[in-house]
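Beneath this line is the structure, given in structure tokens, with notes to follow.
Letters A, B, ... mirror the listed sequences (proteins, then strands); counts begin at 1.
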Number of protein chains: 2
Amino acid sequence: MKVEALLQLDNQLCFPLYAASRMVTKLYQPLLEKLDITYPQYLILVVLWESDALTVNEIGKKLMLETNTLTPLLKRMEIKDIIKRTRSKIDERQVIIKLTDKGSSLKQQALCIPTELLEGVKGQFPLERVDRLKNDLKALLEVLT
Amino acid sequence: MKVEALLQLDNQLCFPLYAASRMVTKLYQPLLEKLDITYPQYLILVVLWESDALTVNEIGKKLMLETNTLTPLLKRMEIKDIIKRTRSKIDERQVIIKLTDKGSSLKQQALCIPTELLEGVKGQFPLERVDRLKNDLKALLEVLT
DNA sequence: CACGATTGTATCGTGCACGATATATTATAC
DNA sequence: GTATAATATATCGTGCACGATACAATCGTG
């Protein structure tokens, strides 16, 4: 392909990636509103529902986010009473993030979210393609990390 | 797959999409820094380099962005003297966005960007897979629009 | 054991995204 | 033609992202 053509929006990978990411976030929003959380807050909960009591750094590694993003985000979540932040006794530099009862109980309400969203696109975007897309994105992430 | 498993980070499509989008933006950053522009500003330029003199709305449709995002973004670009904003004479509600000489000339410096980035990943992520990923993302976008 | 390096979190500033709302201009209906 | 609706952009407030920097706790080395 010509260098000129590569610069066009339609030929770039970066734009559909950027746009699809925002669109998917919007897709989650009405469902997450019922739980009174944002999309990044949902991702943090997903991580904690899998294994509770993580440090800020551990959450950051899983979500590829730095503490300058996480600290204020976690503080907002603490205010909402879905997580608790406590300094580690062993290493006072670390802050341990634990789910509150409210945070734990949100999991039950969240269980239906992935299924509901997949059901919504299944007709026009088959599950096999979702899987292929997921794997390609993971592979790309590996390369970029 | 079990409902419980679907909620795990590793099985969700949304997370690699979100993370890959941010990673790719970071990949562009050192190259865009030389042009003194941000990633969303680059996307606006890509659109204008293809067809100059668009309204805010037309840019918004191409990039799937609302005016509440675009207006401040375009104002920052005007301050940098890479675009010019002028009210349309025919319809005074519309604002026409035109490249300045500086904005036009940036295209020459940007031409190498897509090639350079593709070269960088080619070894570990073949071009065929880039194309497949691009097409899958475009298809997903279609479904979500 | 002292002191410089490293690690973990926080703070600051800037730039998106976007829902909600405002305002001005044009189009439409009667 | 005037009231009303639709359209185009702008404004406001909130919540991310993230580079740069600060700071305290711990580690490593002589």
Side-chain angles (χ1 to χ4, degrees), chain A residues 14-15 17-30 32-33 36-45 54-80 82-83 85-97 144, chain B residues 14-15 17-30 32-33 36-45 54-61 63-80 82-83 85-97:
Chain A
C14 69
F15 174 65
L17 187 55
Y18 160 82
S21 175
R22 288 187 295 118
M23 286 296 153
V24 167
T25 302
K26 277 191 195 173
L27 200 64
Y28 272 84
Q29 214 180 303
L32 297 181
E33 241 164 35
D36 187 32
I37 54 175
T38 65
Y39 179 72
Q41 290 172 15
Y42 166 73
L43 290 180
I44 290 176
L45 286 177
L54 297 172
T55 67
V56 175
N57 227 327
E58 285 166 339
I59 294 175
K61 273 186 189 128
K62 286 175 193 285
L63 299 181
M64 302 187 189
L65 289 169
E66 305 294 322
T67 66
N68 50 8
T69 300
L70 285 173
T71 298
L73 219 170
L74 290 167
K75 281 185 178 174
R76 284 188 288 271
M77 292 177 79
E78 189 174 36
I79 289 170
K80 286 185 183 174
I82 50 187
I83 61 151
R85 298 159 66 245
T86 43
R87 287 269 161 194
S88 162
K89 294 263 165 61
I90 305 127
D91 184 341
E92 294 229 335
R93 290 172 302 181
Q94 298 186 129
V95 172
I96 312 290
I97 308 299
L144 300 183
Chain B
C14 69
F15 173 66
L17 187 55
Y18 160 80
S21 175
R22 288 186 296 117
M23 286 297 151
V24 167
T25 301
K26 278 190 197 175
L27 201 63
Y28 273 85
Q29 215 181 304
L32 297 181
E33 242 164 36
D36 187 32
I37 54 175
T38 66
Y39 179 70
Q41 291 172 14
Y42 166 73
L43 290 180
I44 290 176
L45 285 178
L54 297 172
T55 67
V56 175
N57 227 327
E58 286 166 337
I59 295 175
K61 272 184 190 129
L63 298 181
M64 303 189 188
L65 290 169
E66 306 292 323
T67 68
N68 50 8
T69 300
L70 285 173
T71 298
L73 218 169
L74 290 167
K75 281 185 178 175
R76 284 188 288 270
M77 292 176 78
E78 189 174 36
I79 289 170
K80 286 185 183 175
I82 50 186
I83 60 150
R85 297 159 67 247
T86 43
R87 287 270 161 196
S88 161
K89 294 262 163 62
I90 306 129
D91 183 343
E92 294 230 337
R93 290 171 301 182
Q94 298 185 133
V95 172
I96 312 291
I97 308 299

Heavy atoms only, 4.0 Å cut-off, all strands: where does B:Glu66 land among base, sugar-phosphate and nothing? nothing
Check: C:dG8 base within 3.5 Å donor-acceptor of A:Asp91 side chain: no
Please state whether the base of D:dT9 and the side chain of B:Arg93 form at least one donor-acceptor pair under 3.5 Å? no
Assuming nearest nucleotide by heavy-atom distance, tell me which of B:Leu65 and A:Lys75 is located more 5' along DNA chain C. A:Lys75
Whether A:Thr71 contacts C:dT11 is assessed here as follows: a side-chain N or O lying under 4.0 Å from the phosphate OP1 or OP2. Is that the case? no
Distance below 4.0 Å between B:Tyr18 side-chain N/O and D:dA17 OP1 or OP2: yes
Could you tell me whether B:Asn68 contacts a base, only the sugar-phosphate backbone, or nothing, with contacts defined as non-hydrogen atoms closer than 4.0 Å? base
About how many Å separate CD1 of B:Ile82 and CD1 of B:Ile44, when rounded to the nearest 0.5 Å? 8.5 Å
Determine the contact category for A:Thr69: base if any of its heavy atoms lies under 4.0 Å from a base atom, sugar-phosphate if only primed atoms, P, OP1 or OP2 are that close, otherwise nothing. base
Base, sugar-phosphate alone, or nothing: which one does A:Leu43 contact when heavy atoms must sit under 4.0 Å apart? nothing
Could you work out which one of D:dT9, C:dC16, C:dG19 sits closest to the side chain of B:Arg76? C:dC16
Would you say the side chain of B:Thr67 and the base of D:dA8 hold a donor-acceptor pair, judged only by whether the two atoms sit under 3.5 Å apart? no
Nearest-Å distance for atom pair CG/C1', residues B:Leu70 and D:dT11: 14 Å
Output the single nucleotide from C:dG8, D:dA10, D:dC16 whose closest atom is nearest the side chain of A:Gln41. D:dC16
Ignoring backbone atoms, test whether B:Arg87 places a side-chain nitrogen or oxygen under 4.0 Å from the OP1 or OP2 oxygen of C:dT26. no
Look at all strands and tell whether A:Thr25 reaches a base, only sugar-phosphate, or nothing, counting heavy atoms closer than 4.0 Å. nothing
Output yes when a side-chain donor or acceptor of B:Arg87 lies under 3.5 Å from a complementary backbone atom of B:Arg93, and no otherwise. yes
Reckon B:Gln29 touches a base, only the sugar-phosphate, or nothing at all at heavy-atom distances under 4.0 Å? sugar-phosphate
Interatomic distance where CG belongs to A:Leu73 and C1' belongs to C:dA10 [whole Å]: 14 Å
Locate the shortest heavy-atom distance separating A:Asp36 from A:Lys80; write the atom from each residue and the value. O-NZ, 3.1 Å
